[in-house]
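In what follows, every heavy atom counts, from backbone to side chain, and hydrogens, waters and symmetry copies are set aside. Start at 1 and go down the list; that is how both ligands and their atoms are numbered.
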Amino acid sequence: MEHPSPTTPVGRALVPVAAGALLLGTLATGSATAEPSYGLYEIDGVSTAEERSQIAATGVAIDHVGDDSLLVTGSIDDIDELDSLGYAAEPYELPETLASPDPGYTTYPELLEIVDEVVAEHPDLAAKEVYGQSYEGQDLVAVKISDNVSVDEDQPEVLFTHSQHAREHLTVEMAIHLMDLLTDGYGEDDRITELVDGREIWILPNVNPDGSEYDMAGDTWRDWRKNRQPSEGSSAIGTDLNRNWAYNWGCCGGSSDDPESITYRGDAAESGVEVAAVADFVRGRVVDGEQQITSAIDFHTYSELILWPFGYTYDQVTDAMSREEYDTHAALGEYMAEANGYTPQQSSDLYVTDGSINDWLWADQGIVNFTYEMYPKSPAEGGFYPPSSVIERETSRNEEAVLRLLDYADCPYRIIDEEETYCG
Ligand code: CXA
Ligand code: CA
Ligand code: ZN
């Protein structure tokens, strides 16, 4: 089942070393799993969401949408299927500057140390909660930030999730930046102090630690997206966590049923152990029948977008999304985008996806929520692997946008002047 590497893998300047590292990785697990060889490809002459959805339905991941072209990651089989649909995909080489793991990015063991430090420095404001274990048995941690942090007070709660996709390492740096901003800023900045006093903020700084570690563990980045869980009846590894959520799972051609695909939706909704753990955590925030979390952001990279539900349909209004609810998402998304310069849109404007966290958080839990696709805007600036020198600038860039969400967390519908109807 091993396919030849279709092209120079992304960001791998040292190709022979990369191939060796992958092989060693396979042998070291002691199993006969075939590491898939995904490649990066460009497809020209594509400009509509319908075309992009048709392309995504083959099982490739759409990494970037250009004016008239796309970048996708996929297997040789995916590329053959695209060819039979009339889409010619050409191997694409990223600029050479983006090689090899950059020690400026935080590993999972380092992240756990940082979390312990933040909690030790601010014991009244920050607390760690282990909400589960990853497939490989690593602790999944949440950090709660609020005044009287050890008490479950009746305050609006806000959720930040990071790194569903392994190779999107800048999102972990975003989590660290938010922890620092909200704890170090407390007592220094009036707005931050008020928000930390008045909200309970949950940061889940890396919901896919196995994938992150795998992506960083070689001599070069491995361009990994999924978790590291095998699937039934296949030697392939990994579920795309952002296709595994339990609302309209697998409904609409927005994910793949092939375990080899980079957008594999998993054997069942919530079959990904990390998705099940985060979903249980979120359900656990229902107190006296009421979901305490009012609003959320799920951080990804890249393209500089703010996306809102739904992803499974092009429709704005459905049985599960009224006009006012849609308008609330759009207005808050646009208000945040004014602050960070990202492009705001419904996620299906990009391409149809099913089983995303956005659709589940809204339809199942009633949480007003967004995906941020962080820096960079284009592949030429580094794609999934920008140099760590951008971390400070690109995480600070989102401070005001995130504070705007926290401002409205008492009643997101306030942004369309409907607080009496929805929060009265
Ligand atoms: C996305 C995010 C949320 C809902 C629909 C679509 C985009 C995201 C994805 O495909 O999951 N893009 S990304 N981060 O490159 O994988
Ligand atoms: Ca509190
Ligand atoms: Zn992503």
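- Those atoms of ligand 1 that come under 4.0 Å of a heavy atom in E168, given as number and element, are 13 (S), 14 (N), 15 (O), 16 (O).
- When OE1 of E153 and OG of S146 are joined through the Ca ion (ligand 2), the resulting angle is 170° to the nearest 10°.
- Considering only non-hydrogen protein atoms, atom 6 (C) of ligand 1 sits nearest to T353 CG2, 3.7 Å.
- The atom of H165 that is an N, O or S and sits closest to the Zn ion (ligand 3) is ND1.
- Closest to atom 4 (C) of ligand 1, if we only count protein heavy atoms, is N358 OD1, 3.4 Å.
- Among protein heavy atoms, atom 2 (C) of ligand 1 sits closest to N242 ND2, 3.7 Å.
- Residue H300 has at least one N or O atom closer than 3.5 Å to an N or O atom of ligand 1.
- For H300, the N, O or S atom with the smallest separation from the Zn ion (ligand 3) is ND1.
- Atoms of ligand 1 lying under 4.0 Å from at least one heavy atom of S347, given by number and element, are 4 (C), 5 (C).
- For T301, every heavy-atom contact with ligand 1 shorter than 4.0 Å involves the backbone, none the side chain.
- With ring centers used as reference points, Y413 lies 6.0 Å or more from Y408.
- For atom 12 (N) of ligand 1, the closest non-hydrogen atom on the protein side is E373 OE2, 2.6 Å.
- Between F281 and Y131, the ring-plane angle classifies as tilted under the 30° and 60° cut-offs.
- Under 4.0 angstrom from ligand 1, there are no non-hydrogen atoms of Y302.
- Scanning the protein heavy atoms around atom 16 (O) of ligand 1, the nearest turns out to be R225 NH1, 2.5 Å.
- At least one N/O-N/O distance between R243 and ligand 1 falls below 3.5 Å.
- Crowding of D68 atom CG: a count of heavy atoms from other residues, nucleotides or ligands under 6.0 Å exceeding 12.
- In this structure, Y38 and W224 have tilted ring planes: the angle between them lies in the 30° to 60° band.
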